[in-house]
Amino acid sequence: ANRYAEDYIDDPVRFIPGQGGEAAGPGEYFALIPNGEGWYGFVSRGEPSATVALLPPDSRRISQGELRAIQRNHRKIATAIRAFDAGLPEGERERMDGGEYAQQVRDYIKQSLGEGGDQLMSSEMGQIVSQLLNQLSTASPSQKKDILDAIKYLNLIAHKDQPNYYAPILGYDAISVDERELVMNRTAVVVLGQTKDYDGVREIHDRVIGTRRK
């Protein structure tokens with residue numbers, strides 16, 4: 001634990017221990033100390049084996065439950081776009097005029113989603129999809145490819161098991177889930193320049209939070 005903590009502070013690319021162990025999906029895991037004592041079981045008493053990080057008050061945070069709701073709504077849009085693309089001859093998507101493709105996709109979404117389509121398209125993700133479709137009308141061939149790839153990527157994350165990928169797309173710095181904070185924007189985190197032991201972490205917690213939990 002001590003080596004992991006020091007590597008996290010010192011390594012330019014921020015070494016992340018436990019790679020592949022995504023209990024709550026992608027993200028950089030930090031425990032929320034005020035939410036319980038369980039986290040302290042991972043800190044070696046008397047040894048500086050903990051990394052302390054702070055999220056400033058103006059950080060944008062979102063719960064994983066809220067992200068799941070965003071994903072559910074976006075999935076309806078993504079499913080409609082996938083269905084439209086599946087009905088095209090192979091390669092036709094790339095050959096079509098960008099503006100024509102965008103208009104036909106909009107019409108298909110409206111037809112597929114019915115009365116709720118306008119509301120979904122006015123959501124955060126719906127607006128992003130709309131902006132991408134709008135850009136197709138004036139896009140150069142290389143820009144058109146990038147936009148189509150972006151739409152394809154959005155369709156992909158709509159069908160992922162975890163909704164965490166939406167956080168950076170929508171400009172959120174961290175995701176709150178259970179007793180963890182999953183940091184998605186490392187530049188938003190202030191990390192203490194030295195590791196701390198159990199008592200040192202508790203002292204910092206009490207200074208910052210202002211309440212001591214027995």
Side-chain angles (χ1 to χ4, degrees), residues 13-14 16 19-29 59-177 182-188:
V13 296
R14 288 208 187 169
I16 302 175
Q19 294 170 354
E22 296 177 353
E28 199 165 86
Y29 285 48
S59 299
R60 295 194 70 208
R61 299 165 63 216
I62 189 170
S63 72
Q64 196 173 62
E66 291 173 307
L67 286 178
R68 289 194 188 282
I70 290 171
Q71 184 184 44
R72 280 195 299 270
N73 288 331
H74 174 232
R75 185 177 292 158
K76 298 173 185 177
I77 299 172
T79 299
I81 296 176
R82 273 190 174 186
F84 176 79
D85 289 345
L88 295 175
E90 185 175 353
E92 183 65 17
R93 176 174 175 268
E94 289 72 25
R95 289 191 294 267
M96 285 180 68
D97 174 76
E100 180 183 354
Y101 173 83
Q103 186 57 54
Q104 289 191 27
V105 167
R106 288 194 194 94
D107 293 342
Y108 191 89
I109 291 173
K110 187 173 183 178
Q111 177 185 351
S112 300
L113 301 182
E115 295 181 357
D118 290 340
Q119 183 176 353
L120 288 174
M121 292 303 290
S122 65
S123 66
E124 285 182 289
M125 288 305 302
Q127 290 180 46
I128 289 176
V129 173
S130 292
Q131 290 171 15
L132 289 170
L133 292 174
N134 289 340
Q135 292 171 15
L136 281 173
S137 300
T138 57
S140 66
S142 62
Q143 291 171 334
K144 177 185 172 184
K145 181 182 183 305
D146 289 342
I147 294 169
L148 291 177
D149 286 346
I151 293 173
K152 186 176 180 179
Y153 174 75
L154 293 181
N155 291 347
L156 177 67
I157 68 169
H159 295 86
K160 286 279 189 182
D161 291 336
Q162 293 287 351
N164 298 15
Y165 300 98
Y166 285 92
I169 290 174
L170 295 174
Y172 290 99
D173 299 310
I175 304 168
S176 300
V177 51
L182 275 57
V183 173
M184 305 298 285
N185 175 18
R186 288 176 168 182
T187 64

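Being a predicted model, the structure only gives us computed values, none of them experimental. FYI, side chains are in, hydrogens and waters are out, and symmetry mates aren't considered; it's all heavy atoms of this structure.
Counting all heavy atoms, side chain and backbone alike, Gln127 lies closest to Ser122 at NE2-O, 2.7 Å. Pro26 and Leu182 get closest at one heavy-atom pair: O-CD2, 3.5 Å. Across every non-hydrogen atom of Ala167 and Met184, the tightest pair is CB-CG, 4.0 Å. Across Ile175 and Ser63, no two heavy atoms sit closer than the pair CG2-C, 4.2 Å. Closest approach of Ile109 and Ala80 over heavy atoms only: CG1-CB, 4.1 Å. What you find for Leu136 and Lys144 is that their closest heavy atoms are CD2-CG, 3.9 Å.
The salt bridge (Lys or Arg N to Asp or Glu O under 4.0 Å) contacts involving residues 62-80 comprise nothing, where partners must be two or more places apart or lie in separate chains.
Side-chain contact between Asn164 and Val177: absent, with no pair of heavy atoms (C-beta onward) separated by less than 4.5 Å. The shortest side-chain heavy-atom distance between Asp173 and Arg61 does not fall under the 4.5 Å cut-off. The side-chain heavy atoms of Leu113 and Met121, taken from C-beta on, include no pair separated by under 4.5 Å. A 4.5 Å side-chain heavy-atom check between Gln119 and Asn73 finds every atom pair outside the cut-off. Considering only heavy atoms from C-beta on, Thr79 comes within 4.5 Å of His159 through its side chain. With contacts defined as side-chain heavy-atom distances shorter than 4.5 Å, the pair Leu170/Met125 qualifies. Between Gln162 and Gln64, the closest side-chain pair of non-hydrogen atoms falls below 4.5 Å. Under the 4.5 Å side-chain criterion, counting only non-hydrogen atoms from C-beta, Glu124 is not in contact with Tyr166.
Atom CZ of Arg82 and atom NZ of Lys152 lie 9.5 Å apart (nearest 0.5 Å). How far OH of Tyr172 is from CD1 of Ile70: 5.5 Å, rounded to the nearest 0.5 Å. Atom CG of residue Leu132 and atom CD1 of residue Ile81 lie 9.0 Å apart, to the nearest 0.5 angstrom.
By the neighbour-count criterion of 12 heavy atoms within 6.0 Å, atom CG of Asp149 is densely surrounded, having more than that number from other residues, nucleotides or ligands.
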Item to complete: Could you please spell out the steps behind the side-chain contact (heavy atoms from CB on, under 4.5 Å) verdict for Ile128 and His74?
Response: CA-CA 10 Å; Ile128 289 176; His74 174 232; over 6 Å; no
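In terms of modelled atom types and a separation under 3.5 Å, the side chain of Gln143 and the main chain of Gln135 share no donor-acceptor contact. The main-chain N or O of Glu28 is never found under 3.5 Å from a side-chain atom of Arg186 such that the two would form a donor-acceptor pair.
Each of Leu154, Ile157, Leu67 was checked for a side chain to side chain contact (heavy atoms under 4.5 Å, CB included) with Tyr165, and the lone residue meeting it is Ile157.
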For a quick test of your reading: what N or O donor-acceptor pairs under 3.5 Å do the side chains of residues 99-108 make, sequence neighbours left out?
unit_1, atom_1, unit_2, atom_2, d
Glu100, OE2, Gln104, NE2, 3.2
Tyr101, OH, Asp85, OD1, 2.8
Tyr101, OH, Asp85, OD2, 3.4
Gln103, NE2, Asp107, OD1, 3.0
Arg106, NH2, Asn134, OD1, 2.5

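In this structure Glu92 satisfies the side chain to side chain donor-acceptor pair (under 3.5 Å) test together with Arg95, sequence neighbours excluded.
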